[in-house]
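Order of the sequence lines sets the chain letters (A, B, ...), proteins ahead of strands, with each chain counted from 1.
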Number of protein chains: 2
Amino acid sequence: MTVDRLPAPATSGRRALVLHDRPLVVNLIELTLNHGLFVVQAAGTLAEAEAILASWRPHLAVVDMDHDDSTALLDRLGASNGLRERSATPVLGLTRRGDLQTKLRAFDLGVDDILAMPFSPEELLARSIVISRRATGTEMPIVPAITLGEIEIDIVKREVRAGTSVVHLSGIEQHLLYLLASRAGQVVTRDEILDAVWGTDFVSESNVVDRHIRALRSKLQNDYRHPRFIATVPGQGYRFIPTFSNLGWDAGATRDPDRRR
Amino acid sequence: MTVDRLPAPATSGRRALVLHDRPLVVNLIELTLNHGLFVVQAAGTLAEAEAILASWRPHLAVVDMDHDDSTALLDRLGASNGLRERSATPVLGLTRRGDLQTKLRAFDLGVDDILAMPFSPEELLARSIVISRRATGTEMPIVPAITLGEIEIDIVKREVRAGTSVVHLSGIEQHLLYLLASRAGQVVTRDEILDAVWGTDFVSESNVVDRHIRALRSKLQNDYRHPRFIATVPGQGYRFIPTFSNLGWDAGATRDPDRRR
DNA sequence: TGCCGGCCATGACAGAGCGTCATGACACGG
DNA sequence: CCGTGTCATGACGCTCTGTCATGGCCGGCA
């Protein structure tokens, strides 16, 4: 089965380093930061991050604060006693816990801003742009909308245009859509989604993922009986396909026949 | 009628300048920043702000971005092309409009962080502390709870302890409580509240204030028939009195007999 | 072939937070 | 004594989030 490739993003030469050990989250961040014309490189360990840092000189770092190496990386980035060096790379921290204590500790470690899960891609982009432009003092281009097959996503307004209809997404729905879209054509597990949106602390037996997938679906498709864009792969998870026609099988079937791969 | 004075706040010598032309908002900010052991001085005009700036050397500035002189003051504070000077006073901007464009413009003007109305005192405090400690690189004390008469308010948890019961407030309810508490014993108009919490853009004929006053009341008083702490002054507005016994008139009467003053 | 069990979609619901509306009590002024 | 304006109150609508019970479909297995 062939699937449209995501369009190659335009770049402005702006670079972002991501320290995160969940590939799905990295994909999400990459797709989101494309709106800000960032090119993203991911590191799963401190060593990788340092290599990228030395050779690539990123303009922004997005750091999972729950990662074991986050503190070490922040040290390397020029944090010192809550007072960051002027020329250091601006850092956006991601955290599972949103209480004030956790946030203040993150700032102590040298973060420029902090984002608690679950967040929306809109917030991620906004904060990334803010701290990045503050560090460099230059304007930053934003591409408010991207097109994926038959879908157009406006990240700022949190709207999706599919065909003639325009719908507004909630933060979590937008997160979910970006997650799936960043892996277009591939299957994403429920557990991966749960982990990427809420963090592993969340109740794994919960039904939340289904719930929001369902909300997304009902917003993306005009009529009830024509499932589009999001297919179910039984026993495995969900799969996003940006064009309707590429689904291939009969409309009305949500199930993805391509089960064994 | 005598009313308990608010306790004189402990200070840590940390100073905050507020540029705002609504005295009620200034009171709110003052009471809120007391949790961070700030001493507050307010300016209604650029001239006043400059005088305070020169003689008082504040550690933090809270600036109403809808104020005519906000841009000029930000210039004075060392903003230049989105790139702020290192030693400049950190600035927290307040704005009525919360869209991304407005926020980005605020950052362009040199703000360190931006807060859109309606916000909760908890957020105001958290962001103030974050940008202030980032600028100075020192630890900042927080007093999580303050006591007003028979009421104890935990700003971080957004909880209120009145007697034996503990209740959780929403952001707007907390804002409302701080607003009234910062003018303890005095009457506050509906329009003033509307303006201070939502901004004047809001529909003036709306019932929102009553709605949230009611919610606050029902959370502060255990039993239905004993109104406490928040009295109605017919034709004028509401009045907060931190102790029950000081209400003076018969329990069961929500109305404040002290109408003509 | 027929039954069972697992996976998933669906509808219903809960509950917080926010805002609106209609009604009715109450006091005041004429 | 009645009308008017001011408030309190209950009821409702809406969005967002999360939970639960049900029932359909399919595949595996006897």
### Message
Please report the distance, rounded to the nearest Å, between CG in A:Leu176 and C1' in D:dC16.
### Response
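From A:Leu176 CG to D:dC16 C1': 14 Å.
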### Query
Rounded to the Å, how far apart are B:Tyr238 OH and D:dT6 P?
12 Å
### Query
How close or far is atom C1' of D:dG18 from atom CG of A:Leu194, stated in whole angstroms?
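Roughly 12 Å, once rounded to whole Å.
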### Task
Measure from CZ on B:Arg190 to C1' on D:dT6 and round the result to the nearest Å.
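Going from B:Arg190 (CZ) to D:dT6 (C1'), I get 8 Å.
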### Message
So if I define the base as every atom that isn't primed, P, OP1 or OP2, how would nucleotides 15-22 of chain C read as a B/S/- string at a heavy-atom cutoff under 4.0 Å?
### Response
--SBBBBB
### Message
Are the side chains of B:Ile151 and B:Pro242 in contact, using a 4.5 Å heavy-atom criterion?
### Response
no
### Task
Grab the CG-P distance between A:Asp210 and C:dA12 for me, whole Å please.
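Interatomic distance, CG of A:Asp210 to P of C:dA12: 18 Å.
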### Task
Let me know which of B:Val209, B:Val233, B:Val188 forms a side-chain contact (heavy atoms from CB on, under 4.5 Å) with B:Tyr238.
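When B:Val209, B:Val233, B:Val188 are each tested with B:Tyr238, the side-chain contact (heavy atoms from CB on, under 4.5 Å) holds only for B:Val209.
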### Task
Just grab all the ring pair (Phe, Tyr, Trp, His ring centres under 6.0 Å) pairs involving residues 112-132 of chain A, residues at least two apart or on different chains.
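Counting only pairs at least two positions apart or across chains, the ring pair (Phe, Tyr, Trp, His ring centres under 6.0 Å) contacts touching residues 112-132 of chain A are A:Phe119-A:His175.
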### Message
From CZ of A:Arg214 over to P of C:dC13, roughly how many Å is that when rounded to an integer?
### Response
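Going from A:Arg214 (CZ) to C:dC13 (P), I get 13 Å.
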### Task
Report the distance from atom CD1 of B:Ile230 to atom P of D:dC7, rounded to the nearest whole Å.
15 Å
### Query
How long is the line joining CG of A:Asp191 and P of C:dC7, in whole Å?
12 Å
### Task
Apply the test side chain to side chain contact (heavy atoms under 4.5 Å, CB included) to residues B:Arg190 and B:Asp210: give CA-CA distance (whole Å), side-chain angles for both, the deciding distance (0.1 Å), then the verdict.
CA-CA 8 Å; B:Arg190 269 189 185 68; B:Asp210 301 55; 3.0 Å; yes
